[in-house]
Each structure stands twice: as C-alpha cells, then as structure tokens.
Chemist: 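Here you go, one structure.
Remember, it's 1-based here, ligands and their atoms both numbered in the order they're listed.
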Amino acid sequence: EAVKKIGAHDDKVKAYLTIDEEGARTSARNLDDRLASGGERGLLFGLPAGIKDNIVTEGLRTTCASQFLSNFNPVYDATVVKKLRAADVVTLGKMNMDEFAMGGSNENSSYYPTRNPWDLERVPGGSSGGSAAAVAAGEAYFTLGSDTGGSIRQPASYCGVVGLKPTYGLVSRFGLVAFASSLDQIGPITKNVEDSAYVLQAIAGYDAMDSTSAKVDVPDYLSSLTGEVKGLRIAVPKEYLGDGVDPQVKESVLAALKTLEGMGAVWEEVSLPHTEYAVATYYLLASSEAASNLARFDGVRYGVRADNPENLLDLYHQSRTQGFGPEVKRRIMLGTYALSSGYYDAYYLKAQKVRTLIKRDFDQVFENYDVIIGPTAPTTAFKLGSQVDDPLTMYLNDILTIPVSLAGVPAMSIPCGFAEGMPVGLQIIGKPFDEAQILRVAHAFE
Ligand code: GLN
C-alpha cells in the first residue's frame, strides 16, 4: 500500500532518491508469514519507513545525493538499519538530501530538489529534507535523518513534523557516511512525539562498532510520555528571540510557552552569550572534518571512477572534480585551508576553544533549568532558489540549531503553529542523555 502511495505522490514532492519496491514487498511478506505462524511482533512491527541516503543499506544504492556515489551499493547495513529491521520495520527506500548532508534546503542534491509538501514552491529544509517532506506528505510512516548542525530539526520545522537530534553518542553512527564526525547524529523524523519515542527506543544504545558510542543505559522513553510538566523550569535564551527572528515565529513560540505556563511550568529569560560565534565556529570545524572525511572518495575505493586518467594523481583529481558538487567543493577547500600548517592555530584550534565556551553556556543554564526552549529556525520555509546564490545567508538559517550541535546536547523540533500558512517549529533542548525530559515536554502539547 505504502509503496503504491509513494508512486502516486512522489512525482511532486520528490522526497525519495531510491524506492525499494521489491525489498519492501519481501519484508512485508515475511512479516505476514511470521504472524500467520504465530510469531511475535517487534516494537515497530510493519511500520513503513524511509532512510536518509547517507545511511548505508546492504545491496540498496546509497548515494548521499552525490554523483560520486551514483553507483554505490554498500555491502552492509548501518547499525540503525539493523536495529530497525530487528524491530520489524519495512524500509521503503532512500530519502533525498543535500549532497553529503551539506546544506539547509535540499537544493544541493545533485539529483533534484525535494519540495515542501505545504507549498511546492518552497524548500523542505535540509539536509534531511527528503526525510521530513516524506513524513509530512504521508509517503512514509517515519524516516531517519541525520543532524550535524540542524539537519533533522530545521527540515522538521519547515515541514511541520517532529524531528529529534539525540545526544551525541546515544545513537550509533556506524554506517552513517561521515560529514563532521564530532557532530553527526542520526535521529527519527515522525508525525508525532509518541512515534519519536518509539523509534528512539529502537535505535538508541551502545555499539562497539562506533568508537564514540556512549556506554549509557537506554531508559524507557515511552514511560516519560505522561503529559505532566508541573514545576518544570524552562530557560528561554534571549539570543534566540532577538533580531532576525521573524515576528510571527516569535509569537508562536511565546504562545507555546504560555501553554506550558498554563500547565504549571515556569519560564525565565536567560543568556547563552557565545551564541553569536556559533555559526562561524561550526562552519570552520564542520568543514575541517569534512575535508578530512571526504578524502576517502578518491575514485578508487568508492563510487564513480573517471575515465582515461593520465596517472594516479589525475585519477583522484578527475574523479573528485566530476563527482562532487559546488557546495561540497567549497567546504573541502575551506576545511583544507583551515587545517593547513601555519593556519591551524589561528582557525581550527581557536574554533575548538570557542566550541568549549559554547558548551559551557549550556552547562551553566542547565544548572538551574530542566530544558531550554526557543524557535528551531528564525523563519519558516523560504522559496526555492531564493538563497542558492548566497551561501552566507543560507548558513545563517542554522543559527539556532548549530549551538546545540556544538554542545552535543539533545534537541527536538515540534510544530507549534503557522506563519502565513507555513509551519513553525518549537525547539526543546535538553541536558545530555535527557531525551526523556524533552519527550515529556513535547508530549504535553499532544
Ligand atoms: N545546514 C547545515 C550545513 O550546511 C547543517 C547540515 C547538517 O546538519 N547536516 O552544514
């Protein structure tokens, strides 16, 4: 059924890069057979899901929306994919994204841009734009996205769905094609908060295959969905409601805070003083890590290889010239520059220090508050094409999600209203490994 529905709808939204009709049918049939023979049901039994195309799937093309990997068929499943299969999920296919997760609008996909189901002239956000648009359009029950600087939360906000970026280390990155390894996290995009808790339950937990995986006990997230927020202490950073935030977005966020107040929570204004340095810090660190991570795409090991190279160096050169799109090249150049000897102290090292200051801002606020709340993005979804020629404006869309990524703390975007017909996202930020608290607060709205 779900596969048919995608076939009928996806020509407009274009959320999928690959639809795995055969695989979906086979797994659905296997689940039917198991039920018929009296077998057990997994936690997510029969739910049809889409996987962002930077998460590897055995035998199923995984392109990262790049021409470089247009012919890449991984030989193994990412840990999250294994876990979803173990929970009896039926995977429908692979979701469109910005190339190698670099971007915030899906316009950097080297195949085609995904469109926002609420208004096809607008972007769905990015880089997990396909994942968010598919859930909004009913083309998957849920999807997985990845978030390095906002790529789950910002598209969830633009598409009016629920997106959760877990604490760094809670969900295994094994099998996630690395963009910026110290920031990347996989998380669920769902229609509602309860589903988010279910999917997180299925994918969280220690994995020996990921060296940054955290050895923590995974709590029962479902039991935190009590609707109870009495006495909750909420911090609202003044930097998150300042200039540059659309007045209607601000209004929706303040209305949500009022609702929470009505349920017995209290909120106060606080300051995260290093917020203004976050975007610069992020683009330095993320590009540096990307330059290093993407060195593995050399035309030898993965994906497409240039024809008729003159020698080995030329093979690298030509394959990379042809395989990568403009934004990916821009980041590799930025990162290579920042890491080159003589510049390392001035840029990379300095950015690492600022990252620590940003993390401390959060630590300090969390000494006195349970959660931090603000908008997910300064505006609602913008028009396709309106920012493509202006990378700096595009980078500023992430100003409210990037600090969270640098601090490694968890955050969720949930819909909290509309501004001129487009959904607004509320960002709920929690203490490290306190996803349960975020889910509790978010669930109070349902
Ligand atoms: N938009 C941000 C960027 O371009 C975030 C991307 C992400 O989180 N993967 O880097």
Side-chain angles (χ1 to χ4, degrees), residues 51-55 64-66 95-110 113-114 123-132 143-159 163-166 168 171 173 176-189 278-294 324-335 338 351 355 376-379 381-382 387-388 390-413 425 427:
I51 311 288
K52 188 175 179 181
D53 207 27
N54 58 350
I55 299 173
C64 296
S66 181
M95 313 315 298
N96 202 3
M97 55 185 282
D98 286 297
E99 186 175 1
F100 286 106
M102 297 172 188
S105 69
N106 249 255
E107 293 163 297
N108 294 340
S109 165
S110 77
T114 296
V123 302
S127 64
S128 313
S131 298
T143 54
L144 292 185
S146 72
D147 189 311
T148 304
S151 280
I152 289 175
R153 291 161 285 158
Q154 183 254 32
S157 165
Y158 285 6
C159 291
L164 172 65
K165 182 203 89 77
Y168 184 77
V171 175
R173 292 185 296 111
L176 170 67
V177 177
F179 161 13
S181 318
S182 77
L183 298 156
D184 299 341
Q185 265 296 286
I186 296 172
I189 298 183
V279 171
T281 305
Y282 167 85
Y283 277 96
L284 222 135
L285 294 176
S287 304
S288 299
E289 292 187 33
S292 163
N293 274 324
L294 271 60
F324 292 140
E327 183 63 25
V328 177
K329 287 178 181 154
R330 182 180 295 127
R331 308 257 181 136
I332 292 174
M333 284 190 279
L334 264 175
R355 181 175 187 176
T376 306
T379 65
F382 46 91
Q387 297 188 5
V388 271
D390 187 358
L392 289 182
T393 305
M394 188 78 93
Y395 293 174
L396 287 174
N397 295 318
D398 300 323
I399 194 156
L400 305 173
T401 48
I402 277 175
V404 166
S405 299
L406 291 169
V409 296
M412 182 178 229
S413 180
Q427 185 172 208

Chemist: Parallel under 30°, tilted from 30 to 60°, perpendicular over 60°: which one fits the rings of Y158 and F382?
Modeler: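 It falls in the perpendicular class, over 60°.
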Chemist: Please determine whether any non-hydrogen atom of A286 lies less than 4.0 Å from an atom of ligand 1.
Modeler: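 In this structure, A286 fails to qualify as a contact of ligand 1 - no heavy atom is under 4.0 Å.
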Chemist: Can you measure from CG (L400) to OG (S157) and round to the nearest 0.5 angstrom?
Modeler: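 Taking CG in L400 and OG in S157, the distance rounds to 9.5 Å.
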Chemist: Using a 4.0 Å cutoff against the non-hydrogen atoms of G103, which atoms of ligand 1 qualify?
Modeler: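 Under 4.0 Å from G103, ligand 1 has these atoms: 1 (N), 2 (C), 3 (C), 4 (O), 6 (C).
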Chemist: Is R153 reaching over with its side chain to a backbone N or O of A411, donor-acceptor style, under 3.5 angstrom?
Modeler: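 The answer is no, because no donor-acceptor pair under 3.5 Å joins these two groups.
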Chemist: Please confirm whether Y283 comes under 4.0 Å of ligand 1, counting heavy atoms of the residue only.
Modeler: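 A heavy atom of Y283 does come that close to ligand 1.
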Chemist: Set out, in order, the CA-CA distance, both residues' side-chain angles and the distance that settles side-chain hydrogen bond (donor to acceptor under 3.5 Å, both in side chains) for N397 and Q387, then state yes or no.
Modeler: CA-CA 10 Å; N397 295 318; Q387 297 188 5; 2.9 Å; yes
Chemist: Would you compute the distance between atom CD of E289 and atom OG of S181 and round it to the nearest 0.5 angstrom?
Modeler: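 Output value for this atom pair is 5.5 Å.
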Chemist: Below 3.5 Å, N or O to N or O, backbone or side chain included: is there any such pair between T148 and ligand 1?
Modeler: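 N/O-N/O distance under 3.5 Å: yes.
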Chemist: Determine, using heavy atoms of R331 and all atoms of ligand 1, whether some pair is separated by less than 4.0 Å.
Modeler: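 It does, in that a heavy atom of R331 comes within the 4.0 Å cut-off of ligand 1.
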Chemist: With atoms numbered from 1 as shown, which atoms in ligand 1 lie under 4.0 angstrom from a non-hydrogen atom of F179?
Modeler: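 What qualifies from ligand 1 is 9 (N), 10 (O).
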Chemist: Mark up the atoms of ligand 1 that fall under 4.0 Å of a heavy atom belonging to Y282, in ascending order.
Modeler: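 Heavy-atom distances to Y282 below 4.0 Å select 2 (C), 3 (C), 5 (C), 6 (C), 10 (O).
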Chemist: Find all atoms of ligand 1 within a distance of less than 4.0 Å from any non-hydrogen atom belonging to M102, and give their numbers and elements.
Modeler: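 That gives atoms 4 (O) of ligand 1.
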Chemist: Would you mind running through ligand 1 and noting each atom that sits below 4.0 Å from a heavy atom of D398?
Modeler: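 Result: 1 (N), 2 (C), 5 (C).
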Chemist: Which ligand 1 atoms, with their elements, are less than 4.0 angstrom from a heavy-atom of A101?
Modeler: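 The list of qualifying atoms is 6 (C), 7 (C), 9 (N).
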Chemist: Please list, in number order, the atoms of ligand 1 under 4.0 Å from a heavy atom of S127.
Modeler: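 In order of numbering, the contacting atoms are 9 (N).
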Chemist: Report the nearest protein non-hydrogen atom to atom 7 (C) of ligand 1: residue, atom name, distance rounded to 0.1 Å.
Modeler: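 Scanning the protein heavy atoms, the shortest distance from atom 7 (C) of ligand 1 goes to S151 OG, 2.3 Å.
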Chemist: So which of S131, S146, S151 actually passes side-chain hydrogen bond (donor to acceptor under 3.5 Å, both in side chains) with K52?
Modeler: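 Only one option passes, and that is S146.
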Chemist: Could you pull out all residues at least two apart from R355 that satisfy salt bridge (charged side-chain N to carboxylate O under 4.0 Å, His left out)?
Modeler: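 R355: no salt bridge (charged side-chain N to carboxylate O under 4.0 Å, His left out) contacts found.
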Chemist: For G149 versus S405, what's the shortest heavy-atom pair and its separation?
Modeler: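 Smallest heavy-atom distance, with atoms named: CA-OG, 3.4 Å.
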